[in-house]
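Naming: A, B, ... by sequence-line order, numbering from 1 per chain.
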Amino acid sequence: MKKPPYSNLEDKHYSPINIEDNIYEYWLSQAAFKPNPDSDKPRFSVVIPPPNVTGRLHMGHALNNSVQDTLCRYKRMKGFDVLWVPGTDHAGISTQSVVKKHLDAEGIDFYSLGREAAVNKIWEWKNSYGDQILGQLKKLGCSCSWDHVRFTMDEGLSSAVKVAFKKLYDDGLIYRGKYIVNWCPVDKTALSDDEVTTKEGGEPGFIWQIKYKIENTNEYLTVATTRPETIPGDTAIAVNPEDPRYKKLIGLNVHVPLTDRLIPIIADDYADKEFGTGCLKVTPAHDPNDFQIGVRHNLPQINVMNEDGTMGDQAPAQYHGIDRFKFREIIVEELKNLNLLHSVEERMTPVGRAQRSGAVIEYRLSDQWFVQMKPLAKKALLKLDQGDLNIFPERWDSVFRHWLENTRDWCISRQIWWGHQIPAWYNKTTNEILVDIDTPEEVKNNPDSWVQDEDVLDTWFSSALWPYSTMGWPEDTIDLRTYYPTSVLSTAKDIIYFWVARMVMTGVNFLDKVPFKEVYFHPVVCDHKGETMSKSKGNGIDPLHIIEGADVVTLERPIRDARPPQMETMLQELHKNYAEGFSAVGADALRVTLLSLNSQSQQVQLSLKKFDEVGKKFTDKLWNASRFVLSKLTSGETKEINEENLSLEDKWILGRLANTIEGVGAAIESYKFHEGIACFMSFFWDDFCDWYLELTKSSFKDATSNEAILKRSILKKIFFDSLKILHPIAPFITEELWAHAGHANPLCKEAYPEISFKFNKETDEQFLVVREIVRTLRNVRADLGMSAHKAITVAIKPLNEEAKSLINQSIESVIRAANLISLSTVTERPSSFISSVMPNFELYLDLTGAIDINAEIERNKKQIQKLEKEGSSISAKLNNENFIKKAPSEVIEETKNNLLGIESQINRINQVIKELSS
RNA sequence: GGGCGUUUAGCUCAGCUGGUAGAGCACAAGCCUUACAAGCUUGGGGUCACAGGUUCGAUCCCUGUAGCGCCCACCA
C-alpha cells in the first residue's frame, strides 16, 4: 500500500478527506495496535463499553471513545503494551424490537415465525449490520486490537454466561420465585428496577375516591386510588391499626365494586392515617407494596391483566381483552352510575415507564429468576474499602457506594427470544429444577420429561462479565493472566448501576479482583440549550456528519425523523446557519472539540458551530504552521542544539515546550482533557506561532547562516515534539504531517517526548517582559492611529540594572517584533520623542510629525486613571492595621512593592503629561 | 422526601491548596505583514446568583436562600 503523506502541502487549508481512511489502513498495515503479551513492557488494558449491535455511533460514543483512544495512544507512546478490546453487545430487548419492527414493515409477523426462525432472523440482521459501528469507531481513529473483537453472544462469551449462572446458582445467589416484577406490556417481558424510569414530579393523572359498601350495613368505606382498573384484583382494605376512625371496622368485610366478592378490612402499618382517606385498597398482584401487605396477611393474589396490558380472565367477563386504560374509563363510568364514586381530583401521580419502549409499566406477578445482590455487594464493598478502585471525578464514589449499600435483588429473566437462554430445565411432572452449563444427562436421557426455561437473561447479565469474558474466562488464558484486571474503564455515568456496579460485583466474586483499577465517568453530551441529545428529541449531532460532512437534507434527517414539537424552529435555525450543509472537518477536529469541552463538569454543550470554532480552526492552524515550518526545514541543514548558543527567546520557547510536554501528559493521566488541550493550544498557537515563529522569520534570510541553522534546529525540535504531544488527541493530522516531514516510520509508534531543555522560571519571566515591551509599543501606535507597517525609531531607558541587562539581550527581538528601525538604550528622553511609561522602563518613540498632542495627553491620562484605581485599593489594604499586623510578611512586602511601582509610574506619566502640555 | 452538581464577560466555559479574575466566540478599530483573512495586531466589556459568617483579606472555606440540571426513593 502507498505510505503517507496523502495530502498536498500547497493547500492553504487542511482537508481530512482522503487522508483519514488511508492513514487508518496504514496503521493497520503497521500492526500498530497489536498488543504483545510476551513483551516485558508494563501493561495498559481497556475494554470498550460495547455499543449495541443495532447502534450507530452517536456523540456520546464519539466522546467516550475519543477519551479511550487518547488514553491508549498516550500509554503506547509512554512505553506500555496496550490492549484495547473492541466489541458489541447483543442488547436483548432493543435489538429484538428493532428487528421486529423491520419484519413488521416487510409484512412478516415476528412471533408466528416461532422462536428458532425469529432468532435466526436477528442473527442475519446482526451479521449484516452488526459491524457497522465498529467501522465507525475506525473512522474516529480508535486504536483497538481488532483481533480481539468480541460479541456478547459469541460462543466463548455465552459459555462464560452459563458458567457464571451456574456458579451463582450453586452458591445460592441466584434463585427463582413468584414475585411481583416490573412488566412492559409492549415488549411483554419483565424488567429490572433500573430499566424503569419515572418522571420527576409524576405525570398528570387523577385520584378517585371510591366507596366500598361494608357488609351487612348501609355504610361505606371510602378508598382513594389512582388505578381503579385494578379494583377487580382487590383482596383487602388496609387501615392503620392506630386510626381511631377505622379501628372498630377491622375484621369486617366490604364488597368489591362490580363483583360479588367480599374482602376483609385489615390492619397494617403501611396504611398512612394522614394520606388520602386513610384507607388503602390492597391489590397484591398489581402493586409491590400491596404484594408485601398480601404476604404479611396471607391474602389471595388476583391477577386481572394479560401480558399485553389488557384485562384478563380474572376480571369480570364482559371486560376481557379490553385495554387497561380503556377499562379505567369504563370502570369509572360504571362506578359513577352505581353512585360509588365519591370524588375525582386531578393530580400528578408517579408513573413508571419502560426505558426502552416508553410504555407505562404494569406490575405483574410471575415466575422469575433473581440474583441476590446483598452478598455480592458486600464483597465488592470490601474491595472498595481497601482502595482497589479509584473513581474519577471523585464525587461519583459516594454515589457508587450508596447504590451498592442499598441495592435490591436483580430480576434477570426476560420473556424475549434474543439473548442467552437460561440454562435451567424443569421436570414436567415433578417440577424439579436442574441448572447446568450444558444440557444435563438426565435431560438428554429423558428429553420428553424435561423442558428448558424459555426465558433469556437480562442483557446486563452478560455485560457484567465483559472485562473477563472477553479475555477468555472461565479458561485460564494468557490474555486473562496478562491484561486482567484492566487499567481503566471509561463510560457514561447513566450506566453506573446497570453496568459498572455489576461488573465490579461479578469480577470480585469470580476472580477476586475489581475488574479495573480506575473508572472515568465522562460528561453527558447535550445540545446548545443544555438538553441531553437524544434520538427522540431530534437534537442529536451525528459524529459522522462532522467527520465527513453532510448536506442540509442529511442534517435535517434526525429532526424530521423525531418530529419534535419545535420541529419548524429547529429546521429554520439549521437553515439559517447551515444552508449549504456542514463541510467535513475530520475526526481530529471532532476529537479536539469534544475533548476541549470535556471538563470535570457533568455535561458538555455542543452545537455544529462548536466544531468549526474549535476543532476546524485548530487543525487549520496546525496545518498552516506546519507548512511554514516544513518550508524552513527543507531550506537547509540542522545541527545539535547547544544550550550556550541560545538567545533569550530560544531558551524561553524550549522551556515552554518542556512545560507542555509535562502539562499535557499530566492532564491526560488525570482525565483532565480540556486542560491538556488548552495547555497545548496556548503553547502552540500563542507562544510558538504568534511569538516564536514571527521572531525567527528574519533569521532565514540567509538559509545557510549559522543563525538559520540554529533556528531551523529549534523549529525542528519543537515541531516534532509538538506532533508527538498532540498525536494521542489528534492522531490523523499529526501522522500525516509527520510523514510530510519525511519520516519513514509511523508517528504512533514513536515515544512520547522527553524533556531535554528544562523550564526556567527566570527566563520565562524575562521574556514576558520583552513581550510586554513589544505590546506596549504596538499599543501606543494603535492608539495613535499609526500604521504598524511604518518602521519607527525607539529609545528605551531601563530604570535599573536588571532591566538594563534584559533589554541588552533582547534588542534584536524587540526590533523585529515591534517593527522598529532601531532601538537604543538611553538615559534621557531624546527631544521630540514621546514617552510611554512601563514599570521598569521608559519607552521613547520617534513619531515626528505624526502625533496629536491632545490625543497623546488623553492616552496618558487614561493610563493614570487605571493605575490610580489599582493603587487606591492597594493602599487601602496597606492602611488596614490588621493587614499589617496579621498578614505574612512576604505578602505585605509584595503589596508595598506593588504600590511603589504604581506610584512611580503615575509620577513618571504625570511628568510626561507636563512635558507634552508645555 | 433524600442526595449530588451548577450559577464567573453578550454566549460557551477555565480558574489547582484563600492575596481583588482568564480563554474562545461575539463586539469595536486597524492591517492581505516572508504559513494561515477560516489569519494577524490592538482594544472595550465582570458587585464572580443572593444573604450572612470565618479571615488582615473570600470567586475560592462554612451556613442559609433562590434559579437551573441530574440521580435515588415513591403515599394509595
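Comparing rC74(B), rA37(B), rA76(B) by their closest approach to the side chain of Thr198(A) singles out rC74(B). Distances from the side chain of Lys610(A) to the nucleotides rA76(B), rA38(B), rU12(B) place rU12(B) closest. Comparing atom distances between the Arg778(A) side chain and each of rU41(B), rA37(B), rA76(B) picks out rU41(B) as nearest. The side chain of His789(A) lies closest to rC31(B) when the candidates are rU34(B), rC72(B), rC31(B). Minimum atom distance to the side chain of Gln602(A) is reached by rC4(B), of the listed rC56(B), rG44(B), rC4(B). For Thr226(A), the listed nucleotide lying nearest its side chain is rA76(B); candidates were rA76(B), rG5(B), rG19(B). In this structure, the nucleotide among rC36(B), rG69(B), rC74(B) sitting nearest to the side chain of Gln603(A) is rG69(B). Residue Ser599(A) has its side chain nearest to rC13(B) when only rU33(B), rC74(B), rC13(B) are considered.
With hydrogens and angles left out, the side-chain atoms of His342(A) and Thr277(A) include no donor and acceptor closer than 3.5 Å. A side-chain donor-acceptor contact under 3.5 Å links Glu856(A) and Asn860(A).
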Dot-bracket for RNA chain B, 5' to 3', Watson-Crick and G-U pairs with both distances under 3.5 Å, [ ] for crossing pairs, | for partner on another strand, reads (((((((..((((.....[..)))).(((((.......))))).....(((((..]....))))))))))))....
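Straight-line distance between the P atoms of rA26(B) and rA21(B): roughly 26 Å, to the nearest whole Å. The same atom, P, is picked in rA9(B) and in rC60(B); the two are 15 Å apart, to the nearest Å. The gap from the C1' atom of rA35(B) to that of rC16(B) amounts to 36 Å, rounded to the nearest Å. Going from the C1' atom of rG2(B) to that of rG15(B) covers 32 Å, rounded to whole Å. Atom C1' of rC48(B) sits at a distance of 14 Å from the matching atom of rC13(B), rounded to the whole Å. Rounded to whole Å, the C1' atom of rU63(B) lies 15 Å from the corresponding atom of rA58(B). For the P atoms, the distance from rC71(B) to rG52(B) is 35 Å, rounded to whole Å. Across the P atoms, rU59(B) and rU41(B) are found 32 Å apart, a figure rounded to whole Å.
Contact annotation for Thr895(A): no contact, since no heavy-atom pair falls under 4.0 Å across all strands. No engagement by Arg781(A) is indicated, since no non-hydrogen atom pair under 4.0 Å with the nucleic acid exists. Using a 4.0 Å heavy-atom cutoff across all strands shown, Cys526(A) reaches no nucleic acid atom at all. If you check every strand for non-hydrogen atoms under 4.0 Å, Lys866(A) touches sugar and phosphate atoms only. Across all strands shown, Ala238(A) has no heavy atoms under 4.0 Å from either base or sugar-phosphate atoms. Within the nucleic acid shown, Ile207(A) has no heavy atom closer than 4.0 Å to any nucleic acid atom. At a threshold of 4.0 angstrom between heavy atoms, the contacts of Asn779(A) are confined to the sugar-phosphate backbone, with no base atom among them. Among the protein residues, Lys617(A) comes within range of the sugar-phosphate backbone only, with heavy atoms under 4.0 Å from sugar or phosphate atoms but none that close to a base. Within the 4.0 angstrom heavy-atom criterion, only backbone atoms of the sugar-phosphate kind lie near Arg408(A); the bases stay farther away. Using a 4.0 Å heavy-atom cutoff across all strands shown, Asn880(A) reaches sugar-phosphate atoms only and no base atom.
A salt bridge does not link Asp588(A) with Lys616(A): none of the charged nitrogens is closer than 4.0 Å to a carboxylate oxygen. A salt bridge links Glu203(A) with Arg353(A): the closest approach of a Lys/Arg side-chain nitrogen to an acidic carboxylate oxygen falls below 4.0 angstrom. Salt-bridge formation is not detected for the pair Glu881(A)/Lys886(A): no Lys NZ or Arg NE/NH1/NH2 atom is positioned less than 4.0 Å from an Asp or Glu carboxylate oxygen. A salt bridge is absent between Asp527(A) and Lys529(A); no separation between the charged side-chain nitrogens and carboxylate oxygens falls under 4.0 Å. Salt-bridge formation is detected for the pair Asp193(A)/Arg408(A): a Lys NZ or Arg NE/NH1/NH2 atom is positioned less than 4.0 Å from an Asp or Glu carboxylate oxygen. A salt bridge is absent between Lys576(A) and Glu573(A); no separation between the charged side-chain nitrogens and carboxylate oxygens falls under 4.0 Å. One finds a salt bridge joining Lys281(A) and Asp234(A) here, because a Lys/Arg side-chain nitrogen approaches an Asp/Glu carboxylate oxygen to under 4.0 Å.
Put simply, the side chain of Glu694(A) and the base of rA35(B) share a donor and an acceptor less than 3.5 Å apart. Side chain Lys621(A) to base rC36(B): a donor-acceptor pair is found below 3.5 Å. No N or O donor and acceptor, one from the side chain of Ser398(A) and one from the base of rC4(B), sit under 3.5 Å apart. Evaluation of atom-type donor-acceptor distances gives a pair under 3.5 Å for the side chain of Lys616(A) against the base of rA38(B).
Between Ser601(A) and rA14(B), a side-chain N or O to OP1/OP2 separation shorter than 4.0 Å is present. For Trp685(A), no side-chain nitrogen or oxygen approaches OP1 or OP2 of rC36(B) to under 4.0 Å.
Along RNA chain B, the nucleotide nearest to His528(A) and the one nearest to Thr532(A) differ in position, and the one closer to the 5' end is contacted by His528(A).
Between Phe392(A) and Tyr520(A), a ring centre-to-centre spacing not shorter than 6.0 Å is recorded.
Scanning residues 669-676 of chain A for heavy-atom distances under 4.0 Å to RNA chain B yields His674(A).
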